[in-house]
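Each chain gets a letter, A, B and so on, in the order the sequences are listed, and its residues count up from 1. Predicted model, so just to flag it, every value in this text is computed and none were measured.
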Amino acid sequence: MSKRSLNNTSSNTKAKKSKYWSLGLVDAMKNPDSIVKKTEHCVIIKDKYPKAKIHYLVLPQDNISSIYMLNRSHVKLIEEFGKLFKEIQDEVEVTLRAGFHAVPSMQRLHMHIISGDMVSPCLKTKVHWNSFTTDFFMLFEDVQQQLKENGSIKKISPELHKSLLATELQCNQCLFKPKNMPQLKEHLFIHNK
DNA sequence: GTTCTAGAAC
DNA sequence: GTTCTAGAAC
């Protein structure tokens, strides 16, 4: 092997390693410690960095990268997502929400199931907050309806993506508008005690 | 997705 | 001087 190809191999390996984070969910799906429930077509895992007291992910066993790969053949799969959401909801006292990020960071389709408290040490940034409290969080019911009616999920524009994540901070339980994240987190903590 | 950290904001 | 945010990561 030439010196050049050796160098290429080395840099490719580094590049792969540094970009493999986006496939982290595929590993988590195989990890018994993170698995909550498993069915023929789906797996439910605990989110590794939960943004609320309850935060799970529902994923398909099949290699589907995102909601934008869904078509009419996946209506049954999404119905199972809804069924699993109901099952999790019935196991807890608080109201949960289920939905998808409009622009997901991680490959492999995943539906968030999350409680409304938003109390968690892993909730740190404005992007974290806005990705669960603005329209960036596409509710399961709306995604399911869109898939049934249109046979696909429409992507949001880069402009809308940017503006949703830049939305000014606003409590999800009252009208309070915190100045920064530490203030929001303290406020959420008080809501919960 | 997170981590790290420069420099903005206070 | 300290807190906080936002962008790079080869």
Please state how far atom [atom1] in [X] lies from atom [atom2] in [N], giving the value in whole angstrom units.
| X | N | atom1 | atom2 | result |
| --- | --- | --- | --- | --- |
| A/Lys179 | C/dT5 | NZ | P | 13 Å |
| A/Ile45 | B/dG1 | CD1 | P | 12 Å |
| A/Asn180 | B/dC10 | CG | P | 9 Å |
| A/Gln183 | B/dA9 | CD | P | 18 Å |
| A/Trp21 | C/dC10 | CH2 | C1' | 15 Å |
| A/Met181 | B/dC10 | CE | C1' | 18 Å |
| A/Leu169 | C/dT5 | CG | C1' | 11 Å |

Scan A/Pro104 against the nucleic acid and name what it touches under 4.0 Å (heavy atoms): base, sugar-phosphate only, or nothing.
nothing
Spell out, yes or no, whether [X] and [Y] are grouped together once hydrophobic residues are joined by side-chain heavy atoms under 4.5 Å, including indirect joins.
| X | Y | answer |
| --- | --- | --- |
| A/Ile156 | A/Ile153 | no |
| A/Leu184 | A/Phe176 | no |
| A/Leu188 | A/Phe137 | yes |

Please answer whether the main-chain N or O of A/Asp33 pairs with a side-chain N or O of A/Asn31 as donor and acceptor at a distance below 3.5 Å.
yes
Within residues 46-66 of chain A: residues closer than 4.0 Å to DNA chain C (heavy atoms):
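Residues of residues 46-66 of chain A under 4.0 Å from DNA chain C: none.
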Please check if any side-chain donor atom of A/Ser65 sits under 3.5 Å from a side-chain acceptor atom of A/Gln107, or the reverse.
no
Residues, nucleotides or ligands: over 12 heavy atoms within 6.0 Å of A/Lys126 NZ:
yes
Should the ring pair A/His101 and A/Phe132 be called parallel, tilted or perpendicular, given that the plane angle runs from 0 to 90° and is split at 30 and 60?
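A/His101 vs A/Phe132 ring planes: perpendicular.
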Once you measure the plane-to-plane angle for A/His112 and A/His55, does it fall in the parallel (<30°), tilted (30-60°) or perpendicular (>60°) bin?
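Correct class here is tilted.
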Dot-bracket pairing map - DNA chain C, Watson-Crick plus G-U, both contacts under 3.5 Å, | cross-strand
|||||||||.
Kindly give the heavy-atom pair with the smallest separation between A/Pro104 and A/His110, and that separation in Å.
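Closest heavy-atom pair between A/Pro104 and A/His110: CB-CE1, 4.0 Å.
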Which heavy-atom pair separates A/Pro178 from A/Cys171 by the least distance, and what is that distance?
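Result for this residue pair: CD-N, 4.2 Å.
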In residues 107-129 of chain A, which ones come under 4.0 Å of DNA chain B, going by heavy atoms?
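Result for residues 107-129 of chain A: A/His110, A/Lys124, A/His128, sorted by number.
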Using the side-chain contact (heavy atoms from CB on, under 4.5 Å) rule, take A/Leu109 and A/Phe81 through it: C-alpha gap first, then chi angles, then the decisive distance, then the call.
CA-CA 11 Å; A/Leu109 174 67; A/Phe81 274 34; 4.0 Å; yes
